[in-house]
Structure formats: structure tokens, C-alpha cells
Amino acid sequence: MTYENILSKTENGITYITINRPSKLNALNKATIQELHDAFEAADTDKDTKVIIVTGSGEKAFVAGADISEFADFDVKQGENLAAKGQELLFNFVENLGTPVIAAVNGFALGGGLELAMACHFRVASDNARMGLPEVSLGVIPGYGGTQRLPQLIGKGRAMEMVMTAGMIDAQTAHNYGLVNHVTTQEELIPLAEKIAGKIMRNSSVAIKGAIKAVNANYQDGVNGFNVEITEFGNCFGTADFKEGTTAFLEKRQADFPGE
Ligand code: COA
């Protein structure tokens with residue numbers, strides 16, 4: 001597939017999705033959101049992809065937000081539609097993918113950029129990264145899940161302060177808050193994400209998919225996460241991966257998971 005606003009390549013089990021509008025600090029316009037959806041969907045259905053790493057091109061930004069020039073003259077209905085469509089196509093879609101998604105935050109992650117990073121399963125950052133939800137400084141609120149996912153990740157009080165001040169936090173503060181799992185240099189960012197991806201890839205992709213579903217169930221209204229865990233746990237017992245994982249353990253050898 002060819003894209004205009006992103007790059008996508010697969011190597012050694014990892015699909016790298018790079019938002020590629022560096023002259024606009026990788027701001028998310030409508031076309032980019034659609035292309036990201038398509039690339040994530042393609043990676044998720046590709047049997048050669050075990051982990052997805054998403055990052056921004058250039059040295060300055062992961063994503064500096066939704067593209068302000070695209071919605072500056074929207075009315076109420078268009079605004080609501082922008083948030084609803086974006087959440088469905090990209091942010092909720094990424095969160096619920098069965099393939100693990102790591103955000104490698106390589107610079108500014110603001111507004112929709114931080115919301116994209118937060119929709120990923122977890123985040124690593126380079127030491128120049130700066131994160132924030134500046135929407136109220138534009139007279140709007142976060143619309144791609146930011147008001148929900150930021151408090152989930154860092155707690156309500158810290159999230160309220162970040163949203164109300166529209167301020168940015170640096171990578172170290174984001175690490176202290178638990179917003180990113182690791183901080184490293186810009187050069188080491190992708191190698192670090194690859195190292196973590198390598199550890200993930202040794203495990204059963206089928207079991208990981210069930211685990212993602214169970215963890216996410218904790219954050220869904222009206223869903224009992226413990227019951228989802230019970231169902232997903234039970235399902236594992238019918239998989240070839242489970243047979244291989246337990247047999248390999250008993251035979252004292254490394255498991256070679258068939259992925260089914
Ligand atoms: N939407 C559209 N364009 C954006 C953008 C966004 N969210 N963020 C940056 N850009 C564009 C700028 O307009 C500029 O384009 P131009 O060269 O055609 O004028 C280009 O990207 C470079 O940005 P610039 O502001 O010149 O870089 P900077 O280093 O001076 O500042 C930021 C960097 C991130 C502090 C600044 O770009 C910024 O505040 N961006 C908006 C962040 C935001 O409010 N995001 C939430 C949107 S809901």
C-alpha cells in the first residue's frame with residue numbers, strides 16, 4: 001500500500017508506522033488519520049507482524065496535534081463529528097488492536113499527538129520529548145480521548161492540571177507520572193522499542209491478544225473485566241500456542257509458538 005502522509009515498513013516481525021509530515025510537525029489531518037487507520041489495520045492482519053512501533057518523522061515531533069488549519073472554521077455539528085470519527089477510526093481502533101502497539105515518542109506529543117500515544121498499549125520516549133494537551137488554549141477541549149485516557153494513566157489531579165494549564169511536561173516528568181515507561185536518548189529510542197518488541201515476540205501472540213482484551217475490559221463501561229479475563233483465560237486452553245508453551249516448559253526447551 002502507498003501512503004502520502006505516513007511511512008510503513010515491516011522488518012523482523014515489527015511493522016514501523018511513521019507519521020511523515022515533518023514540515024507540519026506531523027500534525028494529524030483527516031487524510032493522515034485515515035492512512036494511519038489503514039496502516040494499523042494492514043499490520044494487524046499481516047501474519048509477519050508481531051509488534052507495531054509508531055513514531056514521528058524528523059527530530060522535533062512525534063505529532064504536534066490535530067491539524068488546526070483543518071477545523072478552525074467548523075461549527076458544533078462538524079466539531080462533534082470530527083471527534084467521533086477520529087476516535088472510531090484511529091484512537092479506539094489502536095487501543096483495541098490485538099497486535100501490541102508501542103509509541104516511540106520522539107519529540108512534541110501535543111493534543112491529538114499525546115492522545116495517539118496514549119491510545120497505544122504503552123509508550124517510550126526520547127529525552128527531548130515534550131507532552132501536553134494544549135486544547136483549552138485554543139478554546140476547545142481534547143476530543144480524541146484525552147480527557148479519558150490521561151486520568152487513567154496519570155491520575156485525575158495531574159490530568160486536570162495538565163488539561164487546565166494547557167502546559168507541557170518534559171520526558172522525565174512524564175516518566176515520573178507513569179505516562180511513559182522508559183526515557184532514553186533520541187538515537188537509542190527505536191533500538192529500545194525494538195528491544196522491548198523482541199521480548200514480546202518470544203511469547204504467544206494469541207495469548208497476548210487475549211491479555212490486551214482483558215486489560216482493556218477494565219476501562220469499558222458496563223463490562224466486567226474479571227469475567228472477560230475468565231473467558232479469555234479459558235480460550236487459551238483451546239489453542240495450539242498453549243499446547244506448545246506448556247509442552248516446551250515440561251520438555252525444558254524454548255517454546256516455538258505457531259501463533260494460533
Ligand atoms: N496543526 C497545524 N499545523 C501545525 C500544528 C498543528 N497542530 N503544529 C505545528 N504546525 C505547523 C506550524 O503551523 C508550522 O507551519 P508553517 O511552517 O507552515 O507555518 C510548522 O508546523 C512548524 O511549527 P512552528 O510553530 O513554526 O514550530 P515551533 O518550533 O515554533 O513550535 C510548537 C512548536 C509545537 C510549540 C507549535 O508548533 C505549536 O504550539 N503547535 C500547536 C500545538 C497544539 O496546540 N496542538 C493541539 C492541537 S488541538
Side-chain angles (χ1 to χ4, degrees), residues 6-9 14-22 24-28 32 36 39-40 43 51-66 90-91 94-95 97 99-135 142 144-155 157-163 165-201 212 215:
I6 65 169
L7 307 168
S8 181
K9 65 168 183 183
I14 302 174
T15 290
Y16 301 82
I17 297 177
T18 305
I19 300 118
N20 189 31
R21 300 179 77 212
K24 296 292 174 193
L25 302 185
N26 303 322
L28 296 178
T32 307
L36 281 168
F40 278 110
V51 176
I52 300 166
I53 295 175
V54 57
T55 194
S57 92
E59 304 217 318
K60 216 168 151 182
F62 175 72
V63 169
L90 184 58
F91 301 83
V94 167
E95 181 168 58
L97 276 192
T99 308
V101 185
I102 306 173
V105 180
N106 59 314
F108 289 114
L110 302 174
L114 180 55
E115 288 171 307
L116 176 59
M118 291 193 294
C120 296
H121 296 133
F122 62 90
R123 292 141 291 284
V124 296
S126 54
D127 47 20
N128 65 315
R130 301 191 72 196
M131 283 158 253
L133 293 177
E135 284 87 346
Y144 288 149
T147 64
Q148 305 305 296
R149 292 194 181 96
L150 190 61
Q152 285 169 4
L153 288 163
I154 69 171
R158 285 166 169 167
M160 282 288 197
E161 183 178 338
M162 280 182 69
V163 169
T165 61
M168 292 184 210
I169 57 171
D170 61 19
Q172 200 50 54
T173 307
H175 187 236
N176 295 342
Y177 283 6
L179 185 54
V180 302
N181 292 7
H182 307 276
V183 177
T184 186
T185 59
Q186 269 196 297
E187 303 73 56
E188 283 302 312
L189 182 63
I190 297 301
L192 172 65
E194 286 168 340
K195 194 171 157 199
I196 300 169
K199 291 184 185 174
I200 294 172
M201 284 190 278
I212 291 172
V215 172

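Side-chain contact annotation: Thr173 with Asn176, donor-acceptor N/O pair under 3.5 Å absent. Using modelled atom types and a 3.5 Å distance limit, the side chains of Glu135 and Tyr144 yield no donor-acceptor pair.
The shortest side-chain heavy-atom distance between Met162 and Tyr177 falls under the 4.5 Å cut-off. Annotation: side chain of Leu36 is in contact with side chain of Leu28 (closest heavy-atom distance under 4.5 Å). With a 4.5 Å cut-off on side-chain heavy atoms, Ile169 and Leu179 count as touching. Val215 places none of its side-chain heavy atoms less than 4.5 Å from the side chain of His121. No side-chain heavy atom of Val94 sits less than 4.5 Å from a side-chain heavy atom of Val54. You'll find the side chain of Val124 stays beyond 4.5 Å of the side chain of Thr184, heavy atoms only. The shortest side-chain heavy-atom distance between Thr15 and Thr99 does not fall under the 4.5 Å cut-off.
Minimum interatomic distance between Thr18 and Gly56 (heavy atoms only, all atoms of both residues): CG2-C, 3.8 Å. Leu97 approaches Ile212 most closely through the heavy-atom pair O-CG2, 3.6 Å. In terms of heavy atoms, Phe62 sits closest to Asn106 at CA-OD1, 3.1 Å. Here the closest heavy-atom approach between residue Ile14 and residue Ala197 is recorded as CD1-CB, 3.8 Å. Of all heavy-atom pairs between Ala174 and Met131, the closest is CB-CE, 3.7 Å. Across Asn26 and Ser57, no two heavy atoms sit closer than the pair ND2-O, 3.0 Å.
Atom CD of Glu95 has more than 12 heavy atoms from other residues, nucleotides or ligands within 6.0 Å. Heavy-atom neighbours of Glu161 CD from other residues, nucleotides or ligands within 6.0 Å: at or below the threshold of 12.
A distance of 11.5 Å separates CE of Met160 from CD1 of Ile154, quoted to the nearest 0.5 Å. With rounding to the nearest 0.5 angstrom, the NE2 atom of His175 is 12.5 Å from the CG atom of Asp127. Between the CZ atom of Arg21 and the OG1 atom of Thr32 there is a distance of 5.0 Å, given to the nearest 0.5 Å. Separating the NZ atom in Lys60 from the CG atom in Leu25 is a distance of 5.5 Å, to the nearest 0.5 Å. Taking CG of Leu114 as the reference point, atom CE of Met168 lies at 11.5 Å (rounded to 0.5 Å). With rounding to the nearest 0.5 Å, the separation of CG in Leu133 from OG1 in Thr147 is 9.0 Å.
For Gln186, the side chain to side chain contact (heavy atoms under 4.5 Å, CB included) test picks out Glu59, Ser126, Asn128, with sequence neighbours left out. Remark: Arg130 engages no residue in a salt bridge (charged side-chain N to carboxylate O under 4.0 Å, His left out) (not counting sequence neighbours). The ring-ring contact (aromatic ring centres under 6.0 Å, His included) check on Phe108 picks up nothing, with sequence neighbours excluded.
Under a 3.5 Å cut-off, the side chain of Arg123 and the backbone N or O of Ala103 do not form any donor-acceptor pair.
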